[in-house]
Amino acid sequence: MKFLEEYRDPEAARRMVQAIRRATTRPWTIMEVCGGQTHNLIRFGIDELLPEAITLVHGPGCPVCVTPVEIIDEALEIASGKDGRPVVFCSFGDMLRVPGSRKDLLAVRAEGADVRVVYSPLDALRLAVEAPEREVVFFAVGFETTAPATAMAVFRARELGVRNFSILVAHVRVPPALETILSSPRSRVQGFLAAGHVCTVMGYEEYEPIAERYRVPIVVTGFEPLDLLQGIYMCVRQLEEGRAEVENQYARAVRREGNVPARQLIEKVFEVVPRRWRGLGTIADSGLRLRPAYREFDAEHRFSLSYVSEEGPSECIGGLVLQGLNRPHECPAFGKRCTPEHPLGAPMVSAEGACAAYYRYRRP
């Protein structure tokens, strides 16, 4: 527990809560960007310790939740081997239950497809090396946090001359999503707790023009209870003082420039493109795809995809939750027709989903 107890010290937490209460004189709405932060805020009851004037809303920082239906459908089509080639389809575990327009990866696996859970894209690359007679595809989802490992897998595949490995790219970037939320006339977000792990890779230089342009404080924040309380305190202090700056609560892990070698690897392998987000629509400059030099590893390029997605109506209000316009328990289906066993949408499926957090720690 060394280096963990310090960040869960009850007495220190009480002092920080008191500091937040003393600093708060008006109502403020603050969005935590990352689903991991959401889970710890709810798990430790931090939101219930805050003054009533502070409202926490939950952001788009759950990679599973924001992956759009059409990419799920592409994953299903590739995994099912419809073009006649034997395929090993590799994914992080959370993605297996995320619904496409007709089914999910678990259903395809039950029908006989070889769908495997891996913990790293390098695991998928290892499978490709061990089974050269089969096509191995890795489902590359997530934010800037996971993009370096995907880039490394592609880079190594090129170095090793592996020809049966490809990736289905669904990586997204956080800063454009924050601008989309702030640009909405319905937005009520006045400050952000930025995701510490994303900033560990990318730094926080990209957030500085956003804070200045939209006059919102952005505090790079960690994930432990005292991290979150201190991040909220720093955000409230800025709001009360009329400041809109980027501050770094997570200084033990984050530098302004981020992890430069990781950033350079991302830039070497990927280029920035528009990307569709589930619940938020298409956002300019918010996605990554392989550069032309690495296009041979692009599963969309390698496989013939024909299925056209038809996203039907749903009771799920996940899109509104991801924009901070609603909270999970405000959904009529929450905990009734939508549960982890029978999810209507991705926020109830994912281990980082806001709905899953409310269901697990604060079930009605």
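Bear in mind that the values here come from a model prediction, so they are computed numbers and not experimental data.
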| How far apart are the C-alpha atoms of Glu130 and Arg126, what are their side-chain angles, what is the distance that settles it, and do they pass the salt bridge (Lys or Arg N to Asp or Glu O under 4.0 Å) test? | CA-CA 6 Å; Glu130 293 171 353; Arg126 191 176 307 114; 5.3 Å; no

Check: In terms of side-chain geometry, is the basic nitrogen of Glu11 or Arg14 positioned less than 4.0 Å from the acidic oxygen of its partner?
Finding: yes

ask   = Does the pair Glu224 and Asn40 meet the rule for a side chain to side chain donor-acceptor pair (under 3.5 Å), with working shown?
value = CA-CA 7 Å; Glu224 290 299 324; Asn40 275 352; 4.9 Å; no

Working note: Asn326 + Cys331, criterion side-chain contact (heavy atoms from CB on, under 4.5 Å); need CA distance, chi angles, decisive distance, verdict.
CA-CA 8 Å; Asn326 283 100; Cys331 175; over 6 Å; no

- In terms of hydrophobic clusters joined by side-chain contacts under 4.5 Å, are Leu125 and Tyr119 together? no

Does the salt bridge (Lys or Arg N to Asp or Glu O under 4.0 Å) test come out yes or no for Glu300 and Arg289, once each step is laid out?
CA-CA 10 Å; Glu300 287 184 315; Arg289 75 175 176 195; over 6 Å; no

Please check if atom CZ in Arg186 has more than 12 non-hydrogen atoms from other residues, nucleotides or ligands closer than 6.0 Å.
-> no

For this session: Considering only NZ, NE, NH1 and NH2 on the basic side and carboxylate oxygens on the acidic side, decide whether Glu179 and Arg213 come within less than 4.0 Å.
Result: yes

Donor-acceptor check, side chain of Gln230 to backbone of Met16, threshold 3.5 angstrom: yes or no? no

Does the Lys NZ or Arg CZ of Arg327 fall within the cation-pi geometry relative to Phe334 - under 6.0 Å from the ring centre and within 45° of the axis? no

Keeping Ser80 on the side-chain end and Glu77 on the backbone end, is there a donor-acceptor pair under 3.5 Å? yes

| said: Other residues, nucleotides and ligands only: do more than 12 of their heavy atoms fall within 6.0 Å of CD on Glu212? | reply: no

With no hydrogens and no angle check, is any side-chain donor or acceptor of Ser350 less than 3.5 Å from a backbone partner on Ala346?
no

Does the Glu144 side chain pair with the main chain of Val174, one donor and one acceptor, at a distance under 3.5 Å?
yes

Original post:
Do the side chain of Asn248 and the main chain of Val254 share a donor and acceptor less than 3.5 angstrom apart?
Top reply: yes

What one should report as the nearest heavy-atom pair of Leu228 and Phe223 is CD1-O, 3.5 Å

Residue pairs meeting ring pair (Phe, Tyr, Trp, His ring centres under 6.0 Å), one or both in residues 20-67, sequence neighbours left out, come to His58-Tyr358

*asked:* Using only atom types and a distance under 3.5 Å, with no angle test, would you say the side chain of Gln190 pairs donor to acceptor with the backbone of Thr29?
replied: yes

Evaluate the side-chain contact (heavy atoms from CB on, under 4.5 Å) criterion for residues Cys90 and Leu127: first the C-alpha distance (whole Å), next the side-chain angles of each, then the deciding distance (0.1 Å), finally the verdict. CA-CA 9 Å; Cys90 300; Leu127 286 171; 3.6 Å; yes

Smallest heavy-atom separation, Gln37 atom then Ala195 atom, equals NE2-CA, 4.0 Å

Verify the ring-centre separation between Phe139 and Phe89: is it less than 6.0 angstrom?
yes

Q: Answer yes or no on whether Arg173 is positioned over the face of Phe270, meaning its NZ or CZ is under 6.0 Å from the six-membered ring centre and within 45° of the axis.
A: no

Checklist entry - Would you call Glu133 and Pro86 a side-chain contact if the rule is heavy atoms closer than 4.5 Å? => result no

Any donor-acceptor pair under 3.5 Å from Arg188 side chain to Gly324 backbone = yes

Next item on the list: For residues Ile30 and Val236, determine if any side-chain heavy atom of one lies less than 4.5 Å from a side-chain heavy atom of the other.
Entry: yes

### Message
With heavy-atom distances below 4.5 Å as the criterion, would you say the side chains of Leu76 and Leu105 are in contact?
### Response
yes

Decide, yes or no, whether a salt bridge links Glu205 with Arg263 under the criterion of side-chain N to carboxylate O below 4.0 Å.
yes

*In the single-linkage hydrophobic clustering (I, L, V, M, F, W, Y; side-chain heavy atoms under 4.5 Å), do Phe138 and Ile72 co-cluster?*
yes

Looking only at heavy atoms, the pair that brings Ala333 and Leu344 closest together is CB-CD1, 3.7 Å

Closest non-hydrogen atoms of Thr146 and Val141, given as atom of the first, atom of the second and distance, are OG1-O, 3.1 Å

So that I can tick it off, tell me whether Arg302 and Glu135 are bridged by a salt bridge, with the cut-off set at under 4.0 angstrom between side-chain N and carboxylate O. yes

Give a yes or no on whether the backbone of Gly100 and the side-chain of Asp73 come within a donor-acceptor separation of less than 3.5 Å. no

Side chain Gln323, main chain Gly319, donor-acceptor under 3.5 Å
yes

Practice task
Taking the side chain as every heavy atom from C-beta outward, state whether Asn259 and Thr200 have any atom pair closer than 4.5 Å.
Solution key: no

What verdict does the side-chain contact (heavy atoms from CB on, under 4.5 Å) test give for Asp94 and Val349, after you've listed the backbone C-alpha separation in whole Å, the side-chain angles of each residue and the deciding distance to 0.1 Å?
CA-CA 7 Å; Asp94 277 2; Val349 175; 5.8 Å; no

Item checked: side-chain contact (heavy atoms from CB on, under 4.5 Å) evaluation trace for Phe143 with His197 -> CA-CA 10 Å; Phe143 298 94; His197 49 8; over 6 Å; no

Would you check if the side chain of Asp285 reaches a backbone N or O of Pro176 as a donor-acceptor pair within less than 3.5 Å? no

So that I can tick it off, tell me whether Asp9 and Arg15 are bridged by a salt bridge, with the cut-off set at under 4.0 angstrom between side-chain N and carboxylate O.
no

Do the non-hydrogen side-chain atoms of Phe165 and Leu160 ever get within less than 4.5 Å of each other? no

Heavy-atom closest pair (Leu50 atom, Ile54 atom, distance to 0.1 Å) is CD1-CG2, 4.1 Å

Looking only at heavy atoms, the pair that brings Gly231 and Thr221 closest together is CA-OG1, 3.8 Å

Is Glu296 paired with Arg163 through a side-chain N to carboxylate O contact shorter than 4.0 Å? yes

dist Thr38:OG1 -> Glu32:CD (nearest 0.5 Å) comes out at 3.5 Å

One should read off an interatomic distance between Ile78 CD1 and Leu168 CG, to the nearest 0.5 angstrom, of 5.0 Å

Separation between CG (Leu288) and CD (Glu267), nearest 0.5 Å, reads 10.0 Å

Open item on the list: Any non-hydrogen side-chain atom of Val216 less than 4.5 Å from a side-chain atom of Val189?
Closed with: no

Assigning hydrophobic clusters by single linkage (Ile, Leu, Val, Met, Phe, Trp, Tyr; side-chain heavy-atom cutoff under 4.5 Å), is Leu122 placed with Met95?
yes

Non-hydrogen side-chain atoms of His329 and Arg362 separated by less than 4.5 Å
no

If the threshold is 4.0 Å, N to carboxylate O, is there a salt bridge linking Asp114 and Arg134?
yes

